[in-house]
Asks: 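Take a look at this one; I'll ask things after.
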Amino acid sequence: MRVDQKKAELGLAAVLFLLALYFWTLPFQENHIPYGDVDSSAHFTLGDYMREIDSAYIELPHYLSFTYYGDANDDRLWYPPQFHAGTAVAQITGGSRYLSLLIFVAITCSLGILSTYLLVRQLFGWLPAFLACFFLIFSTRDIMIYIFGLWPQVVGFAFVPASVYFYYRYTGSYKRGDKSVRYLVAAFALIATSMLMHPQSAMFSLGFVAVYSVVVWLKNKKPSFSIKHAAAGAAILVGLVVILAPMQLSGIIQGGSQELQVQNLDRLFHWYKTPEKNVGMPLSYFSYPEMNSGYWTVPFLAFGLLFLLFRRQDKDLLLISYLITLYIFIHLDVVGMGRTERFLQMEARVFYPIMAVGLVNLPSFFRLPRDVKVLAKYGLAAVFMVLVLAFSMPPAYSQLTEAYTGISRMTPAQIEAAEWLKENTPEEAFIGMNGILPQLNTINKWYRVLAQRAVVYESDLIIPPTNKYYDQLSYMAVDYTHLIALGAQGEEAIARMQQWEQETFTQEQLVYNNNNIRVYKLG
């Protein structure tokens with residue numbers, strides 16, 4: 001029976017994406033409680049509050065306006081509302097405040113794997129695409145950014161491969177004398193759309209457009225675009241951004257107005273150095289072997305790059321330009337720009353296709369019979385997959401299954417307390433929180449967003465608490481969950497907090513007392 005090649009390829013792509021979804025949903029397959037540090041809780045609540053009020057908004061709700069998020073953008077949203085409106089719709093249509101949103105985030109964040117597959121498939125065939133994206137499923141850095149909760153960034157960078165592909169098609173059609181600009185329109189429309197998620201993804205795509213245009217111009221000795229078409233594309237981009245993402249545009253303009261200065265020129269001779277100051281990521285984030293499961297990938301990367309430089313077809317120049325663009329953006333800190341480490345998310349999406357293309361074409365360098373070359377190609381592909389399964393899959397699996405386990409994620413009792421606060425306290429209430437371990441302050445953030453109330457807390461177990469907002473408190477919550485979990489190590493802190501609680505709340509009304517969590521109404 002003859003196999004339909006298109007259907008077989010479609011089936012393989014579906015299997016690849018379903019495998020990615022299986023892995024990327026591991027953190028909540030057994031535990032549906034939301035999780036994550038860094039910006040997870042903030043991105044959760046922006047959509048959650050839209051669901052609550054059944055509307056998008058610009059002004060931040062009261063419980064976020066007094067935080068860093070309010071200070072950063074004058075009590076207004078710091079992202080366009082489109083992504084968070086999507087999470088709200090997912091909550092409503094899925095019928096679950098937590099699980100539906102987590103599924104939506106897993107699907108949208110893993111779209112970068114699918115878009116990379118489509119790019120590599122269209123240029124180099126299904127096998128390099130499959131190998132590159134099979135490896136990409138287990139990319140430790142991508143997984144880290146995803147479980148840390150930088151969701152708009154992850155989704156924004158998913159648009160880059162599609163934007164890159166459409167610009168490649170435009171330059172190809174222009175080279176052939178086709179005056180149609182439909183591919184250019186599609187490219188710039190996608191770049192503008194990616195800006196609705198995160199501005200750095202749009203910046204990267206525009207950087208690629210510039211780099212690839214120059215590289216192809218140098219190779220072909222003539223431009224691959226017209227000034228008229230470029231102006232039309234820029235007008236489309238600016239028009240869409242002004243309409244759809246004016247906040248992002250104003251933020252970029254303000255950021256661009258900052259004084260830039262050349263510094264740390266030695267950085268140009270390193271791929272990426274660990275920053276001297278904390279940028280919100282662990283040190284492992286800046287380690288090639290830890291993010292790419294070891295140095296065994298380096299020979300594949302080196303050969304892939306040499307092959308592309310040797311052949312130098314326009315599609316090869318695309319991957320070379322991809323790499324050059326990444327190098328430029330992760331080194332912009334040399335001229336004083338910040339958050340360049342965020343662009344490292346593109347590393348696997350650039351490196352892995354280069355590895356896969358080089359691997360698949362390795363047999364072509366040897367004088368072998370055609371049948372032997374085919375067998376060698378698939379044999380090498382099988383070996384590569386075995387290496388990925390042996391070295392990359394285990395740490396990725398552990399990273400996902402062990403993400404925010406135990407008391408590093410809110411417990412059902414804490415969820416119950418947060419939801420009680422949401423239903424039984426005034427919307428403008430200030431609620432003090434004490435008892436959460438300093439190293440787990442992210443739990444305080446989750447209390448705030450799940451209760452949708454202004455929960456204020458210390459950065460340490462200070463008894464009595466001294467937060468500057470405590471003179472405005474209308475409620476005080478005391479949570480012994482973490483200290484009890486420490487066993488004997490937490491006994492001294494429990495005794496001190498119990499004494500403080502007994503001395504402080506002699507006249508206050510106890511309004512909630514469940515599972516070692518108590519809430520007092522003050523005044």
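Everything numeric in this text was worked out from a predicted model, so none of it was measured.
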Asks: Any donor-acceptor pair under 3.5 Å linking the side-chain atoms of Glu347 with those of Asn292?
Replies: yes
Asks: Does a salt bridge link Arg349 with Asp142, judged by any charged N lying under 4.0 Å from a carboxylate O?
Replies: yes
Asks: Taking side chain to side chain donor-acceptor pair (under 3.5 Å) as the definition, give me every residue that meets it alongside Ser392, ordered by chain and number, with sequence neighbours left out.
Replies: Ser293
Asks: Would you please indicate if the ring centroids of Tyr117 and Phe130 are separated by under 6.0 Å?
Replies: no
Asks: Distance only, no hydrogens: is a donor on one side chain within 3.5 Å (strictly under) of an acceptor on the other, for Gln414 and Trp446?
Replies: no
Asks: Do Leu206 and Phe188 make a side-chain contact, defined as non-hydrogen atoms from C-beta onward lying under 4.5 Å apart?
Replies: yes
Asks: Measure the shortest side-chain to side-chain distance between Gln399 and Thr140 over non-hydrogen atoms and say whether it is less than 4.5 angstrom.
Replies: yes
Asks: Would Arg141 count as a cation-pi partner of Tyr285, with NZ or CZ less than 6.0 Å from the six-membered ring centre and within 45° of the ring normal?
Replies: yes
Asks: Does Tyr165 reach the main-chain N or O of Thr116 with its side chain, forming a donor-acceptor pair under 3.5 Å?
Replies: no
Asks: Does Ile436 offer a backbone N or O that forms a donor-acceptor pair with the side chain of Tyr457 under 3.5 Å?
Replies: no
Asks: A side-chain contact here means heavy atoms from C-beta on lying under 4.5 Å apart; do Tyr212 and Ile324 qualify?
Replies: no
Asks: Run the salt-bridge test on Arg453 and Glu428 with the 4.0 Å N-O cut-off and return the result as yes or no.
Replies: no
